[in-house]
Amino acid sequence: PIMAVDEPSVALKLANAVSFGINSMNETKAIAFDYTFQAILVQPSGKDLALSNGDSYPSPALAGAATAMRLETYKSFPAQDLTIEDEWQANLDLSLNLWLCGDGIDVLKDVNVDISDDLVLKNPLSPPDAARFAAAWMDPQHQAKVLERMMAIHSEFTKLEWEVFTSRSLAAPEFPSKMQKKCRSFSWYEREINLDMDPTQEDLDAEQAKHAKEQEQFEKAEAERRKKLVEKRKQAEEERLALEREHDEKERGKFERFKMDQNKHDDTEIETPKTGKAPSVPLRYENKNIVKKAQPISIEYVDVADGHKEHPHLGARDQGGNFGYVHDETFLRKNPPAFDFPQLNEACEKQDSHYKMLTEQVYVNNFENTRKDKQNEKRAKIFCLVYTISPSHDRIPYILQTWGPKCDGFMVGSNETDPSIGTVDIPHQGPEEYNNIWQKVRSMWSYVYDNYYDKYDWFHIGGDDVYLIMENLRLYLESEEIMAAQNGGEFLPEGDQKVQTPLFLGRRFAYQGDMNDIFISGGSGYTFNKATLKTLVTKGFPKYFPKVHTFSEDTMIARVLRQYSIFPYDTKDESGGERYMPFMPGHHWNYRPPAKKSDDWYALYSINIKFGKEHCAKESVAFHYVKNNAQKRLHALLYGICPKK
């Protein structure tokens with residue numbers, strides 16, 4: 001019997017879920033949340049308590065201590081987001097299901113459990129998670145309130161990034177769609193159930209005071225740090241001058257030449273080649289203009305690590321936490337793991353839109369790759385860089401069994417070193433959290449430059465949910481188009497390049513449709529040649545945004561490179577198909593723009609894209625949101641691993 005009620009007709013009238021009181025709290029409290037999705041303790045109204053003589057009262061959200069509900073209730077939830085791993089997000093998901101689509105939540109005051117307060121009062125959600133919940137459950141007006149509060153908390157957060165996160169959520173296969181049509185409106189929930197969503201002026205003033213205090217503390221610490229740095233530099237300068245005085249003129253000359261070598265990246269401009277063999281097909285007008293804006297530079301390595309004493313050049317730590325660790329980036333290519341996919345038959349038989357795109361449009365150009373290898377042609381050496389955190393290390397084996405071994409060098413930047421899967425603990429400035437990925441990526445790129453720059457021709461970075469078709473990427477980077485582009489745009493390079501024009505490759509978007517404000521989406525990753533990586537690390541990182549705390553690393557990279565007139569290159573193929581995809585293959589197969597472009601950020605931001613089958617280039621190089629077994633499924637479809645019918 002449910003709740004000790006023997007009569008089924010009575011039992012079915014009970015609330016869909018009951019949450020239990022908390023022993024550590026002396027007062028009767030319920031759990032609510034505000035427009036940042038932060039949990040807050042609230043006092044039930046007298047009206048609510050009177051309905052049951054104080055024995056129970058409604059709660060806008062689950063406390064997370066313990067909850068009971070009928071199995072049929074859970075099975076009938078219209079939103080089943082099984083990708084949620086965070087406890088508080090799971091509580092939010094259950095709470096909104098119960099209130100908007102069911103009969104709500106009651107707290108039983110006399111049935112208590114022990115629980116620590118930190119399990120209840122969770123911090124605000126990160127912007128991507130907040131965007132996901134808002135897109136699932138809220139109308140545009142309430143979504144705008146969440147955006148407003150996110151921008152108040154995160155000073156670097158922009159409306160564009162919110163729109164990107166929202167679109168990514170809507171495109172995810174597991175996203176709970178059309179909840180506002182299936183259940184009650186969020187306006188009803190705010191009006192009738194969660195009455196404490198909007199902060200009071202007192203709350204806003206307190207939050208503003210908190211941020212002001214944090215800013216004051218940061219500025220004080222920064223001033224102290226700068227003071228110590230000035231003193232340190234002054235001492236170092238005095239020691240240097242003393243050393244110079246002790247040396248004879250010959251040694252002094254050597255010292256001056258050394259200093260000149262260290263400053264090669266500040267040399268005068270280098271001219272592009274004026275003669276040579278032209279590519280068989282000239283660069284498109286737009287790409288030629290992009291290339292002409294960037295200044296060619298010497299690609300000779302310049303040491304800017306300064307002894308690995310400060311961020312972002314501290315280096316990496318081994319499994320024991322000791323600095324000085326240098327990862328063997330060839331481990332995966334030398335010893336690739338076997339491809340193990342128990343669900344192979346099932347994955348291959350499903351003929352959905354992903355299957356159609358990968359069997360009717362996109363293919364791996366194995367023929368040309370095999371021809372080049374047989375003729376011993378010089379191949380482009382590519383370093384693949386993936387970023388993740390330790391809780392997501394379980395995603396890495398899927399990459400190791402699929403596209404990872406096809407990289408010449410492979411590394412996973414993380415917060416824990418595990419040589420068996422190629423993860424490397426690379427410390428960075430600030431905390432290890434999503435909202436600080438910019439600092440993480442600054443340290444990762446600096447580590448790659450310090451240790452692997454001379455060994456590789458190209459460098460690609462992406463998250464742990466990117467899938468690369470390495471054969472197609474390598475052929476693209478070896479093409480006459482790209483070889484001419486990094487030689488100034490007019491002629492093909494002759495012999496080994498000593499001078500190179502920076503190239504920044506990936507999927508381009510135009511902010512709000514403005515063709516004068518183009519950036520690269522980080523979803524499918526972006527690709528640097530040596531000149532771009534050197535410019536970024538030796539010039540850009542020390543000068544631009546060194547202390548910024550933000551998650552939008554892709555837009556920050558674009559901002560830094562823009563300071564050196566390095567703009568995103570248009571990577572479409574000759575038919576207008578995109579090579580770098582921000583979503584899974586099936587999304588692009590099905591996507592059609594709305595009649596009014598401004599109604600959909602993806603349509604508004606995209607630049608001259610095709611739709612349906614022709615959206616993806618035949619020799620596409622990257623897809624995004626490819627997680628776990630989806631990596632293996634795409635791999636099996638592309639490389640003919642599926643059983644023959």
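Small disclaimer: the values here were computed from a predicted structure and weren't measured.
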Is a side-chain donor or acceptor of [X] paired with a backbone partner of [Y] at a separation under 3.5 angstrom?
{"X": "Q429", "Y": "P546", "result": "yes"}
{"X": "R474", "Y": "A380", "result": "yes"}
{"X": "D318", "Y": "Y325", "result": "no"}
{"X": "N287", "Y": "D570", "result": "yes"}
{"X": "W438", "Y": "F545", "result": "yes"}
{"X": "K440", "Y": "T388", "result": "yes"}
{"X": "R508", "Y": "F519", "result": "no"}
{"X": "Q500", "Y": "A531", "result": "yes"}
{"X": "D450", "Y": "L314", "result": "no"}
{"X": "N472", "Y": "S620", "result": "yes"}

Closest heavy-atom contact between [X] and [Y]?
{"X": "C384", "Y": "L468", "value": "SG-CD1, 4.5 Å"}
{"X": "P582", "Y": "F509", "value": "CG-CZ, 4.2 Å"}
{"X": "I426", "Y": "G413", "value": "CD1-CA, 4.4 Å"}
{"X": "K288", "Y": "G489", "value": "CE-O, 4.2 Å"}
{"X": "G404", "Y": "L332", "value": "C-CD2, 3.3 Å"}
{"X": "V146", "Y": "A130", "value": "CG1-CB, 4.1 Å"}

Take W403 and F623, measure what ring pair (Phe, Tyr, Trp, His ring centres under 6.0 Å) needs, and give me the verdict at the end.
-> CA-CA 12 Å; W403 61 266; F623 291 97; over 10 Å; no
Strictly by modelled atom types, are [X] and [Y] linked by a side-chain donor-acceptor pair under 3.5 Å?
{"X": "Q486", "Y": "N529", "value": "yes"}
{"X": "K334", "Y": "T330", "value": "yes"}
{"X": "H313", "Y": "D306", "value": "no"}
{"X": "T527", "Y": "H460", "value": "yes"}
{"X": "Y605", "Y": "S521", "value": "no"}

For the residue pair [X] and [Y], establish whether any side-chain heavy-atom pair is separated by less than 4.5 Å.
{"X": "R562", "Y": "D517", "result": "yes"}
{"X": "V304", "Y": "Y449", "result": "yes"}
{"X": "M411", "Y": "V386", "result": "no"}
{"X": "H393", "Y": "E416", "result": "yes"}
{"X": "R507", "Y": "I609", "result": "yes"}
{"X": "H308", "Y": "F323", "result": "no"}
{"X": "L475", "Y": "R379", "result": "yes"}
{"X": "P296", "Y": "T501", "result": "yes"}

Candidate pair V466 and Q631, rule side chain to side chain contact (heavy atoms under 4.5 Å, CB included), full reasoning = CA-CA 8 Å; V466 68; Q631 294 265 355; 5.8 Å; no
Spatial distance of atom [atom1] ([X]) from atom [atom2] ([Y]) [nearest 0.5 Å]:
{"X": "L503", "Y": "I290", "atom1": "CG", "atom2": "CD1", "answer": "10.0 Å"}
{"X": "T550", "Y": "N436", "atom1": "OG1", "atom2": "CG", "answer": "8.5 Å"}
{"X": "E553", "Y": "M556", "atom1": "CD", "atom2": "CE", "answer": "10.0 Å"}
{"X": "D425", "Y": "Y447", "atom1": "CG", "atom2": "OH", "answer": "10.0 Å"}
{"X": "Y526", "Y": "L385", "atom1": "OH", "atom2": "CG", "answer": "8.5 Å"}
{"X": "T402", "Y": "M470", "atom1": "OG1", "atom2": "CE", "answer": "11.5 Å"}

Using the side chain to side chain contact (heavy atoms under 4.5 Å, CB included) rule, take V537 and Y453 through it: C-alpha gap first, then chi angles, then the decisive distance, then the call.
-> CA-CA 11 Å; V537 175; Y453 175 79; over 6 Å; no
Is it true that K455 and D408 have a side-chain N and a carboxylate O under 4.0 angstrom from each other?
-> no
Salt bridge (charged side-chain N to carboxylate O under 4.0 Å, His left out) filter on D514, not counting sequence neighbours, yields none
Only counting residues at least two apart or in another chain, list the ones meeting salt bridge (charged side-chain N to carboxylate O under 4.0 Å, His left out) with K293.
-> none
Within 6.0 angstrom of D496 CG, more than 12 heavy atoms from elsewhere | no
Exceeds 12 heavy-atom contacts within 6.0 angstrom, atom CD of E148 = no
Would you call the rings of F331 and F410 parallel, tilted or perpendicular, where under 30° means parallel and over 60° means perpendicular?
-> tilted
ring-ring contact (aromatic ring centres under 6.0 Å, His included), paired with F504, selected from F567, Y564, F459, F528 = F528
So F551 and F165, ring pair (Phe, Tyr, Trp, His ring centres under 6.0 Å) or not? Walk me through it.
-> CA-CA 12 Å; F551 53 84; F165 292 144; 5.4 Å; yes
Stepwise side chain to side chain contact (heavy atoms under 4.5 Å, CB included) check, H624 with F583 = CA-CA 5 Å; H624 187 214; F583 302 110; 5.7 Å; no
Which residue, E329, K530, K381, forms the side-chain hydrogen bond (donor to acceptor under 3.5 Å, both in side chains) with Y456?
-> E329
Please assess L505 against W458 for the test side chain to side chain contact (heavy atoms under 4.5 Å, CB included), listing each intermediate value before the final yes or no.
-> CA-CA 11 Å; L505 310 177; W458 293 89; 3.8 Å; yes
